[in-house]
Peer 1: 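The structure's right below; bear with me while I get my questions together.
In what follows, chains are A, B, ... by sequence order, proteins preceding strands, each numbered from 1.
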Amino acid sequence: MAQKPSIPKGTRDFSPAEVAKRNFIIGTIKEQFELFGFQPIETPSFENSETLLGKYGEEGDRLIFKILNSGDFISKVDDVTYSSKKSSSLAPKITEKALRYDLTVPFARYVVMHQNEIDFPFKRYQIQPVWRADRPQKGRFREFYQCDADIVGANSLLQEVELVQLYDAVFTNLGLEGTIVKMNNRKVLSGIAEVIGAKQLLVDFTVALDKLDKIGEDKVKEEMLSKGISESAITKAAPLFAMAGSATEQLEQLETLLQDSEMGMAGIHELKKILTTVEELGLKSAKLQLDVTLARGLNYYTGAIFEVSAPNGVTMGSIGGGGRYDDLTGIFGLKDVSGVGISFGLDRIYLVLEELNLFPKAVDQSLQVLCLNFGQKEALAALKLVSKLREQGIKADLYPSATKVQKQFKYADKRNVPFVIIIGAEELARNEFILKDMASGGQKSCSLDDNPSSFF
RNA sequence: GUGGUUGUAGCUCAGUUGGUUAGAGUGCUUGAUUGUGGUUCAAGAGGUCGCCGGUUCGAACCCGGUCUUCCACCCCA
């Protein structure tokens, strides 16, 4: 019996129009990546589980899609593990592979494996799908694309500056103006935790602080208390909740708070350097903002952290993120290689462009001219014309059968074809064709001998 | 992973305290118009009411399970 087909939770099919729009975004990103000197690589869809596990924190591990071993995998499990019925101990023994969760960790693995072939500093970009066993929501899928650009083997803060410019260039070229690149520094967060005496609870502290503009000061303090951060520590952190003014003013307030923390001051210094350099160079459409509450969850970041929000008025999670990680390759045995990178969330950018109606009008135009078919003889002449047009890079096609003209016009209309060419018996006799502009409805006769592309 | 929400024609949605052949708009096909689309008019096709089970003489409607959607957490692109 035929069953109704379906696709798994959090996955999608893409229609021709959707693919065209996605390609527009990918093309723009790729173009800018290459203009900035990044080189493309690709890595497998799945990695060995041990490569991925433990890199994204406990929460991340839970969201990694694990791939069941092949063969008679259950018989190879020892009786104790098998009868314990604990997924956490059984899973590693029957799932030795897992779908990649992001592009950064596989990249770190790539760098370590190919360290002898790579010319450092290495600037690579990668545009591939990733998978997360998350519960889907709007702008949140189980299969989605990331577009990453990373630089490894360079400590200079100019890399951070360049990545901010890259964000600006991509979003400007996509026509998405007013994006906000929020920046913070992991060292500043560590410094704060140190100064207030909550060094051990850094992660809990930053996760709570991150929610400030979402749930408000009182709720954040409540959460901090419940995580075991003392009342006095929270009081010491009070200036954070009242942070205001320009970036320079905020940095001054931070300096007072962090004057006793070497690490904190180092973070401030980095932020200053990046901010002033970006200011000097200028941005086209994006805004770079300092946000001390920004605390990206991934624990491999060590320096600057970035997150990009859509322009005001669009409700969408971050459409990009990144930061510096000083020791990601260390996990795989390559020490002292600093990396910094950013990621673009293709699927979310798509939703934002769609919501703001920013896709170019012709982006999904799959055909520029359709020749109508009036029978064998006329069609042959039309095919000759179509070939000429195609040679000149014009997307042209001939309607395959000589059905009713009305039907052929309707097809052209539905395909959103801007021009229709008519070559019937009369036109053929006069060695002409009629070019009709579908939007205006106007039409004119042209000679079949002339260069057809001159009519568009 | 926790709590909630949604599912009826290709699409957007109605649907009476459970009662014969489940509706609308839009889209689709055909004709008015045998060489002119987007407007109009007429006719027609299209649905195992997400899926499985239960209650009932009888279920789109009530109950249970399951899948899916979206939302809030969690986390994140």
Peer 1: Heavy-atom distance under 4.5 Å between the side chains of A:Ile64 and A:Tyr56, does that happen here?
Peer 2: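 A side-chain contact under 4.5 Å exists here.
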Peer 1: Check the distance between B:rU36's C1' and A:Phe409's CZ and give it to me in whole angstrom.
Peer 2: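 Spelled out: CZ on A:Phe409 to C1' on B:rU36 is 4 Å.
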Peer 1: I want to check one thing: is the phosphate of B:rU29, taken as OP1 and OP2, less than 4.0 Å away from some side-chain N or O of A:Lys407?
Peer 2: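 The answer is no; no side-chain N or O of A:Lys407 sits under 4.0 Å from OP1 or OP2.
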Peer 1: Does some side-chain heavy atom of A:Ile319 sit less than 4.5 Å from a side-chain heavy atom of A:Leu351?
Peer 2: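 Not touching, per the 4.5 Å side-chain cut-off.
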Peer 1: Any chance you could measure A:Leu288, atom CG, to A:Ile274, atom CD1, to the nearest 0.5 Å?
Peer 2: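 The distance works out to 8.5 Å.
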Peer 1: In whole angstrom, give the distance that lies between atom CG of A:Leu435 and atom P of B:rG35.
Peer 2: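 Going from A:Leu435 (CG) to B:rG35 (P), I get 21 Å.
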Peer 1: Indicate, with a heavy-atom threshold strictly under 4.0 Å, whether A:Gly60 touches base, sugar-phosphate, or nothing.
Peer 2: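 No contact at all - A:Gly60 keeps every heavy atom at 4.0 Å or more from the nucleic acid.
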Peer 1: For atom C1', what is the distance between B:rC74 and B:rC67, given to the nearest Å?
Peer 2: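 My reading of the C1' atoms in B:rC74 and B:rC67 gives 23 Å.
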Peer 1: Distance between the P atoms of B:rC11 and B:rG27, in whole angstroms?
Peer 2: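 Rounded to whole Å, the distance is 15 Å.
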Peer 1: Classify the ring geometry between A:Phe107 and A:Phe122 as parallel (under 30°), tilted (30 to 60°) or perpendicular (over 60°).
Peer 2: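 Because their plane-to-plane angle lies in the 30° to 60° range, the rings of A:Phe107 and A:Phe122 count as tilted.
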Peer 1: Nearest whole Å is fine: how far is B:rC75 P from A:Leu209 CG?
Peer 2: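 Atom CG in A:Leu209 sits about 13 Å away from atom P in B:rC75.
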Peer 1: Round to a whole Å and report the spacing from CZ of A:Arg142 to P of B:rG1.
Peer 2: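 One finds 8 Å between P of B:rG1 and CZ of A:Arg142, rounded.
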Peer 1: A:Gln443 near the nucleic acid: base, sugar-phosphate alone, or nothing, with a heavy-atom cut-off under 4.0 Å?
Peer 2: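 The residue A:Gln443 makes base contact.
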Peer 1: Is there ring stacking between A:Phe144 and B:rA77, where the centres must be under 5.5 angstrom apart and the planes under 30 degrees?
Peer 2: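 The ring of A:Phe144 is stacked on B:rA77.
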Peer 1: Counting distance alone, no hydrogens or angles: does the base of B:rG35 have a donor or acceptor under 3.5 Å from a partner atom on the side chain of A:Glu427?
Peer 2: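 In this structure, the two groups form a donor-acceptor pair.
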Peer 1: Do A:Ile192 and A:Phe205 come within less than 4.5 Å of each other through their side chains, counting heavy atoms only?
Peer 2: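 Yes. Closest side-chain heavy atoms under 4.5 Å.
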Peer 1: Where does RNA chain B pair, written as one dot-bracket string 5' to 3', with Watson-Crick or G-U pairs under 3.5 Å, ( ) inside the strand, [ ] for crossing pairs and | for another strand?
Peer 2: ((((..(..((((.....[...)))).(((((.......))))).....(((((..]....))))))..))))....
Peer 1: Quantified in whole Å, what is the P atom distance between nucleotide B:rC13 and nucleotide B:rC70?
Peer 2: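 Going atom to atom, P in each nucleotide, I get 13 Å.
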Peer 1: Using heavy-atom distances to pick each residue's nearest nucleotide on RNA chain B, tell me which of A:Arg348 and A:Thr11 is more 5'.
Peer 2: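 The residue whose closest nucleotide sits nearer the 5' end is A:Thr11.
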Peer 1: Respond yes when some side-chain nitrogen or oxygen of A:Gln137 is under 4.0 Å from OP1 or OP2 of B:rA72, and no when none is.
Peer 2: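 It does, given that an N or O in the side chain of A:Gln137 lies less than 4.0 Å from OP1 or OP2 of B:rA72.
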Peer 1: Compute whether any side-chain donor of one residue and acceptor of the other, for A:Ser366 and A:Arg415, lie under 3.5 angstrom apart.
Peer 2: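 Result is yes, a qualifying pair exists.
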Peer 1: In whole angstrom, give me the gap between the P atoms of B:rU2 and B:rG65.
Peer 2: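 That atom pair is separated by 14 Å.
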Peer 1: By the 4.0 Å heavy-atom rule, please label A:Gln146 as base, sugar-phosphate, or nothing.
Peer 2: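 Result for A:Gln146 = sugar-phosphate.
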Peer 1: Does the B:rG37 base have a donor-acceptor partner in the side chain of A:Lys436 within less than 3.5 Å?
Peer 2: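 Answer yes: a donor N or O sits under 3.5 Å from an acceptor.
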Peer 1: May I ask you to say what A:Ile434 touches in the nucleic acid, namely base, sugar-phosphate or nothing, with a heavy-atom cut-off under 4.0 Å?
Peer 2: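 The residue A:Ile434 makes base contact.
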Peer 1: Mind checking the C1' distance from B:rA60 to B:rG50? Whole angstroms is fine.
Peer 2: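 It comes out at 12 Å once rounded to the nearest Å.
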Peer 1: Nearest nucleotide by nearest heavy atom, which residue falls closer to the 5' end of RNA chain B, A:Phe141 or A:Ile215?
Peer 2: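 Checking each residue's closest nucleotide, the 5'-ward one belongs to A:Ile215.
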Peer 1: Which nucleotide in the list B:rC75, B:rC70, B:rG37 gets nearest to the side chain of A:Leu63?
Peer 2: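 Shortest atom-to-atom distance from the side chain points to B:rC75.
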Peer 1: Is there a side-chain polar atom (N or O) of A:Lys410 under 4.0 Å from OP1 or OP2 of B:rU36?
Peer 2: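 Checking B:rU36 against A:Lys410, no side-chain N or O comes under 4.0 Å of OP1 or OP2.
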Peer 1: Provide, to the nearest angstrom, the distance between the CZ atom belonging to A:Arg12 and the P atom belonging to B:rU69.
Peer 2: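 The distance from CZ of A:Arg12 to P of B:rU69 comes to 11 Å, rounded to the nearest Å.
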Peer 1: Among the nucleotides B:rU33, B:rG35, B:rA77, which one has an atom lying closest to any side-chain atom of A:Val405?
Peer 2: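 Nearest to the side-chain atoms of A:Val405, counting from C-beta on, is B:rG35.
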Peer 1: With respect to the side chain of A:Lys9, which nucleotide from B:rC74, B:rU69, B:rA77 is positioned closest?
Peer 2: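 For A:Lys9, the side-chain atoms sit closest to B:rU69.
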Peer 1: Assign A:Ile422 to base, sugar-phosphate, or nothing according to its heavy-atom contacts below 4.0 angstrom with the strands shown.
Peer 2: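 Since a base atom lies under 4.0 Å of A:Ile422, the category is base.
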Peer 1: Whether A:Lys404 contacts B:rG31 is assessed here as follows: a side-chain N or O lying under 4.0 Å from the phosphate OP1 or OP2. Is that the case?
Peer 2: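 Looking at the OP1 and OP2 atoms of B:rG31, one of them is under 4.0 Å from a side-chain N or O of A:Lys404.
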Peer 1: Could you check how far NZ of A:Lys55 sits from P of B:rC76, rounded to whole Å?
Peer 2: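 Rounded to whole Å, this separation is 17 Å.
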Peer 1: Checking side-chain polar atoms at under 3.5 Å, does A:Thr28 have a donor or acceptor matched by the opposite partner on A:Asn173?
Peer 2: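 Judged by distance alone, the side chains do not pair up.
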Peer 1: Taking atom types as they are modelled, would you say the side chain of A:Asp413 forms a donor-acceptor pair with the base of B:rG38 within the 3.5 Å cutoff?
Peer 2: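 Under the 3.5 Å cut-off, the side chain and the base do not form any donor-acceptor pair.
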Peer 1: Do any side-chain nitrogens or oxygens of A:Lys138 fall under 4.0 Å of OP1 or OP2 in B:rC70?
Peer 2: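 So the side chain of A:Lys138 is outside the cut-off, no N or O lying under 4.0 Å from OP1 or OP2 of B:rC70.
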Peer 1: Between B:rA22 and B:rG47, how far apart are the P atoms? Round to whole Å, please.
Peer 2: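 Looking at atom P only, B:rG47 and B:rA22 are 12 Å apart.
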Peer 1: Side chains of A:Thr43 and A:Gln126: do they bring a donor and an acceptor to under 3.5 Å?
Peer 2: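 Indeed, the side chains of A:Thr43 and A:Gln126 share at least one donor-acceptor pair under 3.5 Å.
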Peer 1: How is A:Gly424 classified with respect to the nucleic acid when contacts are heavy atoms under 4.0 Å: base, sugar-phosphate, or nothing?
Peer 2: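 Base contact.
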Peer 1: Say you pick atom C1' in B:rA24 and the same atom in B:rU68; how far apart are they, in whole Å?
Peer 2: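 Approximately 26 Å lies between the C1' atom of B:rA24 and that of B:rU68.
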Peer 1: Aromatic rings A:Phe306 and A:Tyr167: how do their planes relate, parallel, tilted or perpendicular, breaks at 30° and 60°?
Peer 2: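 Taking A:Tyr167 first and then A:Phe306, their aromatic rings stand perpendicular (interplane angle over 60°).
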Peer 1: Just to be sure I understand the rule, does A:Tyr411 reach a base, reach only the sugar-phosphate, or reach nothing, if contact means heavy atoms closer than 4.0 Å?
Peer 2: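 A:Tyr411: no heavy atom of the nucleic acid under 4.0 Å.
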Peer 1: Under 4.0 Å between a Lys/Arg side-chain N and an Asp/Glu carboxylate O for A:Arg140 and A:Asp134?
Peer 2: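 Yes, A:Arg140 and A:Asp134 are salt-bridged.
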Peer 1: Rounding to the closest angstrom, what is the interatomic distance between B:rG3 and B:rC49 at atom C1'?
Peer 2: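 Looking at atom C1' only, B:rG3 and B:rC49 are 28 Å apart.
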Peer 1: Below 3.5 Å, does any donor atom in the side chain of A:Arg135 face an acceptor in the base of B:rU69, or the other way round?
Peer 2: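 Checked by distance alone, the answer is no.
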Peer 1: Using whole Å, what does the distance between atom C1' of nucleotide B:rA77 and atom CG of A:Asp134 come to?
Peer 2: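 Taking atom C1' of B:rA77 as the reference, CG of A:Asp134 is at 10 Å.
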Peer 1: Could you check whether A:Arg142 and A:Thr11, counting side-chain N and O atoms only, form a donor-acceptor pair closer than 3.5 Å?
Peer 2: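 Checked: A:Thr11/A:Arg142 side chains show no N/O donor-acceptor pair below 3.5 Å.
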Peer 1: Using a heavy-atom cut-off of under 4.0 Å over every strand shown, decide if A:Gly139 touches base, sugar-phosphate, or nothing.
Peer 2: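 Base: the residue A:Gly139, judged by heavy atoms under 4.0 Å, touches a nucleobase.
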Peer 1: Is A:Gly10 touching bases, backbone alone, or none of the nucleic acid, heavy atoms closer than 4.0 Å?
Peer 2: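 A:Gly10: backbone/sugar contact only, no base atoms under 4.0 Å.
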Peer 1: How long is the line joining CD1 of A:Ile305 and P of B:rC76, in whole Å?
Peer 2: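 Roughly 11 Å, once rounded to whole Å.
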